[in-house]
Amino acid sequence: MESTLLKYLPERAVPPCVSLIKVNAVHLKIVGDRVTRHGDYRRLPSGMHQITINASLNKYRFLITLIHEIAHLVAFEKYGRRIKPHGIEWKKTFQSLMLPFIRPEIFPTKVLPVIANHFKNPKASSDTDAKLSLALKQFDPVSNKTYIFELPIGSVFRIYNGKLFKKGARKIKRYECVEISSGRTYVFQPNAEVELIKD
């Protein structure tokens with residue numbers, strides 16, 4: 001397991017992650033890229049705990065996602081299945097499990113303040129924290145994707161499913177964008193990754 005995880009995690013994070021996986025009897029599956037999620041946790045009918053994580057994540061996002069999903073398992077075991085998936089019990093569990101990893105031996109020094117700030121009140125998805133998302137993106141393989149907030153108003157862009165949109169104005173935290181084919185308006189997070197077609 002350790003040799004496999006070395007491909008996906010920062011080297012110094014591997015031993016404590018292996019320990020967490022074993023202690024919590026996790027069946028870890030590393031899967032192909034899913035656009036709508038980085039990972040998930042589920043308790044199987046057999047009672048086993050399965051966590052799946054996208055293979056395409058960079059090492060730092062993979063680590064955060066793995067601990068995020070283990071926090072679901074630990075919180076459900078400790079507080080019961082009736083808690084909210086991303087409620088206060090999960091947040092406290094996520095914070096305590098992540099704390100030992102927030103150090104310069106694991107994360108690059110320039111990213112540590114952003115990660116520390118995020119974990120004061122962790123979100124349901126690291127993608128909804130624009131600062132964290134941007135900080136982690138710099139370690140992704142080079143791609144032709146860009147963030148919506150980087151595009152000029154009126155730009156046409158494509159999302160993961162091939163649909164085309166025209167970027168509109170920012171309303172509070174999100175951008176209103178019009179789908180070209182239907183004329184319907186949708187809202188996008190500023191850090192949604194898209195492919196620029198025409199500016």
Side-chain angles (χ1 to χ4, degrees), residues 2 5-21 23-24 26 28 30 33-41 51 53-75 78 83-151 170-175 187-194:
E2 288 197 24
L5 286 176
L6 274 169
K7 297 178 205 167
Y8 299 102
L9 289 168
E11 186 178 347
R12 297 289 286 274
V14 172
C17 283
V18 168
S19 177
L20 279 172
I21 288 167
V23 164
N24 293 291
V26 170
L28 178 63
I30 300 168
D33 202 17
R34 295 166 296 183
V35 177
T36 57
R37 63 185 60 198
H38 296 309
D40 64 17
Y41 158 72
I51 289 175
I53 307 215
N54 294 0
S56 61
L57 303 180
N58 71 50
K59 291 183 176 201
Y60 307 111
R61 195 181 295 277
F62 193 101
L63 172 58
I64 291 169
T65 304
L66 176 61
I67 303 304
H68 173 123
E69 301 306 337
I70 291 174
H72 281 302
L73 183 166
V74 172
K78 183 174 181 181
I83 63 169
K84 291 182 179 177
H86 297 106
I88 191 72
E89 299 88 354
W90 170 80
K91 287 184 184 219
K92 286 181 178 177
T93 305
F94 192 15
Q95 287 168 324
S96 69
L97 289 174
M98 195 65 203
L99 192 59
F101 295 97
I102 303 174
R103 49 185 231 259
E105 297 85 13
I106 293 177
F107 285 99
T109 309
K110 61 184 177 181
V111 179
L112 278 172
V114 180
I115 290 170
N117 192 54
H118 174 80
F119 279 96
K120 288 178 184 173
N121 184 20
K123 309 280 187 275
S125 168
S126 59
D127 284 347
T128 57
D129 181 336
K131 286 183 181 175
L132 179 62
S133 190
L134 278 172
L136 294 175
K137 182 181 169 54
Q138 65 187 303
F139 303 101
D140 288 346
V142 177
S143 82
N144 62 344
K145 302 249 168 126
T146 188
Y147 288 125
I148 283 185
F149 79 85
E150 298 172 313
L151 304 178
R170 186 171 179 154
K171 301 288 183 181
I172 306 172
K173 290 186 176 181
R174 299 176 184 189
Y175 287 94
V187 290
F188 286 86
Q189 292 279 1
N191 59 322
E193 285 188 296
V194 298

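Side chains included, hydrogens not; waters and symmetry mates left out as well; all remaining heavy atoms used.
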> Can you name the ring-ring contact (aromatic ring centres under 6.0 Å, His included) partners of Phe107, sequence neighbours left out?
Replying inline: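 Scan of Phe107 (ring-ring contact (aromatic ring centres under 6.0 Å, His included), adjacent residues dropped) gives Tyr60.
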>> Among residues at least two apart in sequence or on other chains, which ones pass ring-ring contact (aromatic ring centres under 6.0 Å, His included) with Phe119?
In response: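 Partners of Phe119 under the ring-ring contact (aromatic ring centres under 6.0 Å, His included) test: Phe94.
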>> Once side chain to side chain donor-acceptor pair (under 3.5 Å) is applied, do any residues pair with Arg170, and if so which ones, sequence neighbours excluded?
In response: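 Arg170: no side chain to side chain donor-acceptor pair (under 3.5 Å) contacts found.
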Residue pair [X] / [Y]: nearest heavy atoms and the distance that separates them:
{"X": "Leu5", "Y": "Val18", "answer": "CD1-CG2, 3.7 Å"}
{"X": "Asn58", "Y": "Leu136", "answer": "ND2-O, 2.9 Å"}
{"X": "Phe139", "Y": "Ala135", "answer": "CE1-O, 3.4 Å"}
{"X": "Cys17", "Y": "Ile67", "answer": "SG-CD1, 4.3 Å"}
{"X": "Ala71", "Y": "Thr93", "answer": "O-CG2, 3.7 Å"}
{"X": "Ile70", "Y": "Leu97", "answer": "CG2-CD1, 4.0 Å"}

>> For Glu11, I'd like to know if atom CD has over 12 heavy atoms of other residues, nucleotides or ligands within 6.0 Å.
In response: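 No.
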>> Using a 6.0 Å cut-off, check whether atom CZ of Arg174 has over 12 heavy atoms from anything other than its own residue.
In response: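 Check fails, neighbour count at 12 or below.
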> Do any pairs count as a salt bridge (charged side-chain N to carboxylate O under 4.0 Å, His left out) and have a residue in residues 84-100, sequence neighbours left out, and if so which ones?
Replying inline: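 The answer is none; no pair qualifies.
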> Which residue pairs pass the salt bridge (charged side-chain N to carboxylate O under 4.0 Å, His left out) test when at least one of the two sits in residues 59-68, sequence neighbours left out?
Replying inline: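 Listed by first then second residue: Arg61-Asp127.
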> What pairs with Asn117 under side-chain contact (heavy atoms from CB on, under 4.5 Å), at least two apart in sequence or on another chain?
Replying inline: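 Partners of Asn117 by the side-chain contact (heavy atoms from CB on, under 4.5 Å) criterion, ordered by chain and then number, come out as Lys120.
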[atom1]-[atom2] distance between [X] and [Y], expressed to the nearest 0.5 angstrom:
{"X": "Leu151", "Y": "Phe188", "atom1": "CG", "atom2": "CZ", "result": "11.0 Å"}
{"X": "Thr65", "Y": "Arg37", "atom1": "OG1", "atom2": "CZ", "result": "12.0 Å"}
{"X": "Ile102", "Y": "Leu63", "atom1": "CD1", "atom2": "CG", "result": "9.5 Å"}

>> Contact between Leu66 and Leu28 at the side-chain level, heavy atoms closer than 4.5 Å - yes or no?
In response: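 Of all side-chain heavy-atom pairs linking Leu28 with Leu66, at least one is under 4.5 Å.
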> Considering only heavy atoms from C-beta outward, does the side chain of Thr146 approach that of Val194 to under 4.5 Å?
Replying inline: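 Contact flag for Thr146/Val194 side chains = yes.
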> Passes side chain to side chain contact (heavy atoms under 4.5 Å, CB included), Phe62 versus Ile30? Steps please.
Replying inline: CA-CA 10 Å; Phe62 193 101; Ile30 300 168; 4.0 Å; yes
>> Pair Met98, Ile64 - check side chain to side chain contact (heavy atoms under 4.5 Å, CB included), show working.
In response: CA-CA 8 Å; Met98 195 65 203; Ile64 291 169; 3.7 Å; yes
> Can you check side chain to side chain contact (heavy atoms under 4.5 Å, CB included) on Leu134 and Asn191, steps first, answer last?
Replying inline: CA-CA 8 Å; Leu134 278 172; Asn191 59 322; 5.5 Å; no
> In a check of ring pair (Phe, Tyr, Trp, His ring centres under 6.0 Å) between His68 and each of His38, His118, His86, which one passes?
Replying inline: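 Of the listed options, the one satisfying the test is His86.
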>> Parallel, tilted or perpendicular, judged at 30° and 60°: which one describes the rings of Trp90 and His72?
In response: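 It falls in the parallel class, under 30°.
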